[in-house]
Q: 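Dropping a structure here in structure tokens format, bear with me for questions.
All residue numbers refer to positions in the sequence shown, counting from 1. Computed over heavy atoms, backbone and side chain alike; hydrogens, waters and symmetry mates excluded.
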Amino acid sequence: MDIAGFSAKLNDWLTSAALPIWRDKGFDTSSGGFVETIDMTGEPTRANRRSRVQPRQVYCFAEAGRRGWPGDWQRVAEGGLAYFDRVYLQPNGFYGALADADGHLIDASFDFYNQAFALLSFAYVAKVFPERKAEMIERSNTLLQKLEAHCRHPLAGFEEDNPPRLPLCSNPHMHLFEACLASEEVDGFDTVAWTNLADEIAALCMDHFIDTETGALREFFDHDWSPMPGDKGRIVEPGHQFEWAWLLLRWGERRGNADALVKARRLFEIGEQYGIAQPRDVAVMTLLDDFSVADPIARLWPQTEWLKAAIRFAALTQGEERERYLRSSVRAATALTRFLDTPVKGLWRDKQKADGSFVEEPAPASSFYHILCAIYEVDDCLKRL
């Protein structure tokens with residue numbers, strides 16, 4: 001099957017199965033919030049609910065609605081945001097981390113990662129609910145200002161909390177970068193602020209997150225943005241090589257920054273050359289900085305990031321180079337579809353073991369953001385092709 005065939009298959013799965021089941025079973029109509037997981041019989045569980053799941057699911061249904069899905073996306077997107085605010089929003093303006101299935105907050109701690117997803121959801125709500133745009137602009141500006149005041153790093157980027165704690169992490173910056181790129185596109189948002197912050201994070205990534213010798217992106221850092229000492233500082237995740245490559249491609253194309261495209265290409269090469277386990281042909285979880293495999297488990301989300309990066313590279317290249325990226329996108333789509341083969345259509349497996357078998361567990365809602373974004377990225381890039 002070529003990538004256009006995979007696109008058609010994935011779109012059918014999304015519109016006819018995934019969106020309906022995550023609307024009907026993944027949204028708790030009694031509380032208005034999104035469930036954490038759905039089990040393999042198609043029933044929601046009573047697992048504790050991570051804060052990040054709420055804005056991620058808001059994004060999914062807002063973007064599905066924006067792209068024409070005819071289901072009841074409005075009530076779900078707005079209900080999910082209201083629940084996120086009601087359950088997790090703290091008096092200090094930040095979102096807590098974890099609630100139980102009844103909507104009682106059980107961990108109010110600050111996590112920079114969760115705030116980044118709040119900002120992403122504000123941008124998408126502003127796109128699809130014009131009557132709420134002014135509110136989203138205000139909320140977006142306010143949360144960004146609070147982050148700046150709470151945990152600005154003296155060199156660049158952000159601390160993990162206030163008071164500072166180590167290690168510093170590239171991952172929450174990646175999601176803030178994504179929120180910046182979404183926010184700078186929304187008419188009426190503070191384009192200058194979001195553009196400047198996107199540029200700062202891109203520079204932080206290219207100067208510090210990416211190793212100058214190998215071109216690989218690390219996860220954990222000391223306070224001066226040098227790699228964290230010990231094995232922690234050696235961790236390299238193939239999924240994040242792909243995800244940062246995709247973001248740097250988007251940013252680099254918008255800004256006309258050739259260096260970003262060069263670095264993105266190297267990140268992709270590392271992910272593809274060292275991070276794809278054979279004979280499974282799936283992206284594994286973790287490497288070390290010598291590119292040896294540290295964790296052979298393959299989770300679903302790195303397959304989506306491989307697909308997003310490969311198809312965007314295909315859209316930006318020509319000739320044999322384009323064909324190579326198209327072949328890679330087919331491999332990534334093939335890997336992804338294996339995770340989507342479940343007893344109830346519209347769910348997914350999260351973890352594949354080294355022997356190729358899948359861990360028996362409920363489908364986590366948090367993966368939907370990755371899957372839906374990948375399917376729409378393929379759509380957009382195929383139009384460009």
Q: I'd like to know if Trp246 and Trp306 are part of one continuous hydrophobic network [Ile/Leu/Val/Met/Phe/Trp/Tyr, side-chain heavy atoms within less than 4.5 Å].
A: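 Unlinked, Trp306 and Trp246 end up in two clusters.
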
Q: Parallel, tilted or perpendicular, judged at 30° and 60°: which one describes the rings of Tyr124 and Tyr59?
A: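 Geometry flag for Tyr59 against Tyr124: perpendicular rings.
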
Q: Indicate whether any N or O donor in one side chain lies under 3.5 Å from an N or O acceptor in the other, for Tyr95 and Asp85.
A: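 Their side chains do contain a donor-acceptor pair, which is all the 3.5 Å distance test asks for.
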
Q: Mind running salt bridge (Lys or Arg N to Asp or Glu O under 4.0 Å) on Glu272 and Arg324 for me, showing each step along the way?
A: CA-CA 12 Å; Glu272 191 181 47; Arg324 183 176 85 72; 3.1 Å; yes

Q: Hydrogens and angles aside, do Asp102 and Ser31 bring a side-chain donor and acceptor to less than 3.5 Å of each other?
A: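 No.
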
Q: For atom CG of Asp355, is the number of surrounding heavy atoms from other residues, nucleotides or ligands below 6.0 Å larger than 12?
A: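 Enclosed.
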
Q: Using the six-membered ring of Phe117, assess whether NZ or CZ of Arg56 lies under 6.0 Å from its centre and within 45 degrees of the ring axis.
A: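 That pair qualifies as a cation-pi contact.
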
Q: Treat each ILVMFWY residue as a node, draw an edge where side-chain heavy atoms are under 4.5 Å apart, and state whether Tyr113 and Phe158 are in one component.
A: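 Yes; Phe158 is reachable from Tyr113 via cluster members.
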
Q: State plainly whether the residues Glu360 and Arg349 are in salt-bridge range, i.e. N to O under 4.0 Å.
A: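 A salt bridge is present here (some side-chain N lies under 4.0 Å from a carboxylate O).
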
Q: Can you confirm whether or not the ring centre of Phe34 sits under 6.0 Å from the ring centre of Trp22?
A: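 Distance test on ring centres: not under 6.0 Å, no.
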
Q: Are the side chains of Cys60 and Tyr369 in touch, meaning some heavy atoms are under 4.5 Å apart?
A: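 The answer is yes, as the side chains (C-beta and beyond) meet within the 4.5 Å cut-off.
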
Q: Which heavy atom in Ser140 sits nearest to a heavy atom in Trp194, and how many Å separate them?
A: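 The pair with the smallest heavy-atom distance is OG-CZ2, 3.0 Å.
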
Q: Quick check: Phe61 with Phe27 (ring centres under 6.0 Å apart)?
A: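 Ring centres of Phe61 and Phe27 not closer than 6.0 Å.
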
Q: For the pair Trp348 and Trp13, name the ring-plane relationship: parallel under 30°, tilted 30 to 60°, perpendicular over 60°.
A: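 Rings of Trp348 and Trp13: tilted, 30 to 60°.
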
Q: Do we see a donor-acceptor contact under 3.5 Å between the side chains of Glu159 and His223?
A: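 Present: a donor and an acceptor within the cut-off.
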
